[in-house]
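Letters A, B, ... are given to chains in the order of the sequence lines, protein chains preceding strands, and every chain is numbered from 1.
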Number of protein chains: 2
Amino acid sequence: MKAAKRKKLEAKGWKVGSVEDFLGLSPEEVAYIELKHSLSNSLKERRTRKKLSQVEVAKIVKTSQSRVAKMEAGDPSVSIDLLVKSLLALGASPKEVAKAIA
Amino acid sequence: MKAAKRKKLEAKGWKVGSVEDFLGLSPEEVAYIELKHSLSNSLKERRTRKKLSQVEVAKIVKTSQSRVAKMEAGDPSVSIDLLVKSLLALGASPKEVAKAIA
DNA sequence: TGCCAATATGTCAAATATGACATAAACTAC
DNA sequence: GTAGTTTATGTCATATTTGACATATTGGCA
């Protein structure tokens with residue numbers, strides 16, 4: 001990887017070394033990423049199923065469209081907390097959140 | 001509730017009005033609290049099952065004993081993020097995290 | 001009782017997440 | 001094409017979370 005690209009990715013919050021050497025990720029790092037990815041997908045699925053725009057979801061969740069986009073993209077700047085709160089705000093039950101994770 | 005007690009609780013991060021009027025909590029607030037409580041319990045159970053002290057868990061999770069205590073107590077200052085990361089660090093799989101939530 | 005390990009509580013500076021905003025890019029329909 | 005809508009990306013001041021520390025409280029046990 002070229003230094004410039006690495007720098008750009010690191011600026012975005014990714015741990016470049018560990019992503020590049022994917023097989024070298026600790027099991028819990030992998031698990032954390034997977035878990036977050038599952039929640040992101042679940043959120044996007046819920047939104048599209050309801051035929052809502054990101055702007056509409058942002059209103060419901062009391063955040064901004066850009067943050068909704070980042071949530072769905074699994075951006076490293078968004079926490080599991082926010083993903084879970086958003087799912088709940090969209091009407092998901094804890095059981096459904098659990099289902100999304102597993 | 002006396003003003004002094006209310007103030008103390010609010011200083012700790014609790015929304016006093018909504019806790020006091022428990023039945024008036026929005027469903028998603030209730031769900032969020034339940035979910036967090038489930039994770040707290042799961043964490044404590046894992047720790048005690050392994051016969052670890054909070055200090056030992058703190059080492060594993062790379063945090064402090066006081067934060068572990070707060071996690072187990074479901075303190076409002078701890079995020080779902082930290083609870084999940086801690087569970088994963090203690091060897092839980094995403095599936096097991098999901099089971100804890102549901 | 002006193003001693004010791006474990007757990008709980010309070011505080012705070014530093015780290016991280018957040019909403020908001022601007023703006024860019026992608027998509028549709030005309 | 002281009003006008004309108006949706007989604008993505010970048011940035012930043014503010015808010016929240018964090019680890020660490022001190023200290024208090026609890027729970028045995030000799």
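Closest of all the heavy-atom pairs between A/Leu52 and A/Arg47 is O-NH1, 2.8 Å.
Screening B/Glu72, B/Lys70, B/Gln65 for a side chain to side chain contact (heavy atoms under 4.5 Å, CB included) involving B/Val68 leaves a single residue, B/Glu72.
Spacing between atom CE of A/Met71 and atom P of C/dG19 amounts to 6 Å, rounded to whole angstrom units. Protein atom CG of B/Asp75 is 10 Å distant from nucleotide atom C1' of C/dG10, rounded to whole Å. Rounding to whole angstrom units, CG of residue A/Leu83 and P of C/dA17 are separated by 12 Å.
Between B/Lys85 and B/Gln65, the residue whose closest nucleotide on DNA chain C is further toward the 5' end is B/Gln65. Nucleotides of DNA chain C nearest to B/Val55 and B/Lys70 differ in position, and the one nearer the 5' end is that of B/Val55.
A donor-acceptor contact under 3.5 Å is formed by the side chain of B/Ser66 with the base of D/dC21.
Using a 4.0 Å heavy-atom cutoff across all strands shown, A/Val68 reaches no nucleic acid atom at all. The residue B/Lys62 sits close only to the backbone: its heavy atoms come under 4.0 Å of sugar-phosphate atoms, none of a base. In this structure, A/Ser53 reaches the sugar-phosphate backbone alone: every heavy-atom distance under 4.0 Å involves primed, P, OP1 or OP2 atoms, never a base.
Of the candidate nucleotides C/dA22, C/dA8, D/dC21, C/dA8 has the atom nearest to the side chain of B/Ala69. Comparing C/dT18, D/dA8, D/dT18 by their nearest atom to the side chain of B/Leu82 picks out D/dT18.
Between B/Arg67 and C/dA8 there is no side-chain polar atom (N or O) within less than 4.0 angstrom of OP1 or OP2. In this model, the phosphate group of C/dA17 is not approached by any side-chain N or O of A/Ser77 to a distance below 4.0 Å at OP1 or OP2. Look at A/Lys12 and you'll find a side-chain N or O under 4.0 angstrom from OP1 or OP2 of D/dG10.
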*Using the salt bridge (Lys or Arg N to Asp or Glu O under 4.0 Å) rule, take B/Glu96 and B/Arg46 through it: C-alpha gap first, then chi angles, then the decisive distance, then the call.*
CA-CA 11 Å; B/Glu96 288 170 311; B/Arg46 270 195 174 258; 3.2 Å; yes
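A heavy-atom distance below 4.5 Å is found between the side chains of B/Leu82 and B/Arg67.
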